[in-house]
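To keep things clear, I will list the structure first and then write my remarks on it.
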Amino acid sequence: MTRKKIALIGGGQIGGVLTQLIALRELGDVVLFDILEDMPQGKTLDIAEASRVDGFDSNLQGTNSYEDIKDSDIVIITAGLPRKPGMSRDDLLVTNAKIMKSVAENVKKYAPNSFVIIISNPLDAMVTLFKKVSGFSANRVMGQAGVLDSSRFSSFIAWELGVSVKDVNAMVLGGHGDTMVPLVRYANVNGMPVMELLERKYNDAAKAKEVMNAMVERTKMAGGEVVKLLKTGSAFYSPASSAIAMAEAILGDQKRVLPVCALLEGEYNVNGYYVGVPAIIGANGVEKILEITLDDEETALFTNSVNAVKSLVEDMERLGF
Ligand code: APR
């Protein structure tokens, strides 16, 4: 069996962690592309020189030439600027749309059969643009947001309840912005509703609600919380890990059920927009979008989030992308 080839477009903070995680797990050989001269070469050399210590045989190549991503199986895109304190993800629209357009043209040219995972922000708009420029089928183009947002939500729940995060299942749907929708009603610890566990912990339904609301709000603002602390950029360890979970699901045909930014074609009463929803991820990429029942309140929140995505995409189109 030949090794899988994974191209990483963008060799900054997330690109570096992605390279190391792929090497440590020996998921395949890596081509790390960046427009900055020598930087991706330096980063891959640094990580590769630990191959003996870490015990991996993956080839790691840094490059400034798109030709080197030829025939990649998976492409993970982080090219673009990250947020600085005080910025919203949407503030990155114009700059990152220009970058994404050129990335999509080159991925289409050199890796036309790849599965593509996009991390660049504003996420939902960037995935939409990539799909439009590349013309790739919908199952091959997806965005990473929900895996991370759900991991953040799950972490907060585990810390609050003092339980292993491995037993927490909690999901975040909608766009990757302030309107995202952490699904409280479905959140559970090994099948037990989180709300019931909170009510028992505090012996007070109102207090339990208050604690959950705080976790929901923290989840929605979690990216900004990290940006504020880092001061020089945005989160990079957790987004990289989240994209790796998606890549592993594709490479291993795992049929994982993950919340991903996927093209909706009638599901959830949305047509033609990329939004975060649960989907089965396997060898064919986004193999099936799973529809779950949302109650009135959840539907209202989801619709609000979809509307935010729509208006961002319309802004982008008005700008000529
Ligand atoms: N092609 C390829 N790479 C590019 C291009 C381009 N046209 N333009 C910029 N880059 C590279 C930069 O040179 C930089 O090395 O993208 C890299 C981005 O890295 P960082 O600035 O460190 O940003 P990072 O933290 O990795 O986040 C990347 O992911 O989560 C999102 O909001 C975040 O949009 C941002 C992206």
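Start at 1 and go down the list; that is how both ligands and their atoms are numbered. All values below come from the heavy atoms of this structure, side chains included, with hydrogens, waters and symmetry mates left out. Quick caveat, the model's predicted, so the values are computed rather than measured.
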Does any N or O atom in [X] lie less than 3.5 angstrom from one in ligand 1, N or O only?
X: Asp34; answer: yes
X: Ile14; answer: yes
X: Leu92; answer: no

So which of [options] gets nearest to [atom], if we judge by its closest heavy atom?
atom: atom 6 (C) of ligand 1; options: Val17, Leu8, Ile99; answer: Ile99
atom: atom 32 (O) of ligand 1; options: Asn64, Asn121, Leu18; answer: Asn121
atom: atom 22 (O) of ligand 1; options: Met39, Gln13, Met126; answer: Gln13
atom: atom 18 (C) of ligand 1; options: Ser102, Gly80, Ala145, Ser238; answer: Gly80

Heavy-atom neighbours of Lys310 NZ exceed 12 at 6.0 Å: yes
Show which atoms of ligand 1 fall inside a sub-4.0 Å distance from at least one heavy-atom site of [X].
X: Asn96; answer: 34 (O)
X: Leu36; answer: 13 (O)
X: Phe33; answer: 1 (N), 2 (C)

Heavy atom of the protein closest to atom 3 (N) of ligand 1 (residue, atom name, distance): Ala79 CB, 3.5 Å
Protein heavy-atom partner closest to atom 31 (C) of ligand 1 - residue, atom, separation in Å: Ile119 O, 3.5 Å
Over 60° means perpendicular and under 30° means parallel, so tell me whether Tyr268 and Phe302 are parallel, tilted or perpendicular. tilted
Is there a donor-acceptor pair under 3.5 Å between the side chain of Lys43 and the backbone N or O of Gly12? yes
Indicate the atoms forming the closest heavy-atom contact of Leu8 with Ile22, along with that distance. CD2-CD1, 4.0 Å
Please evaluate residues Val163 and Val168 with respect to the criterion side-chain contact (heavy atoms from CB on, under 4.5 Å), reporting the C-alpha separation (whole Å), side-chain torsions for both, the decisive distance (0.1 Å), and the verdict. CA-CA 8 Å; Val163 301; Val168 178; 4.0 Å; yes
Do the side chains of Glu199 and Lys207 get close enough for a salt bridge, i.e. N-O under 4.0 angstrom? no
So how far is it from Tyr202 OH to Leu198 CG, rounded to the nearest 0.5 Å? 7.0 Å
Can you tell me how far the SG atom of Cys261 sits from the CD1 atom of Ile118, to the nearest 0.5 Å? 8.0 Å
Kindly determine whether Asp178 and Met221 satisfy side-chain contact (heavy atoms from CB on, under 4.5 Å), including the steps that lead there. CA-CA 7 Å; Asp178 300 348; Met221 299 299 159; 3.8 Å; yes
Heavy-atom contact check, 4.0 Å cutoff: does Ser120 meet ligand 1? yes
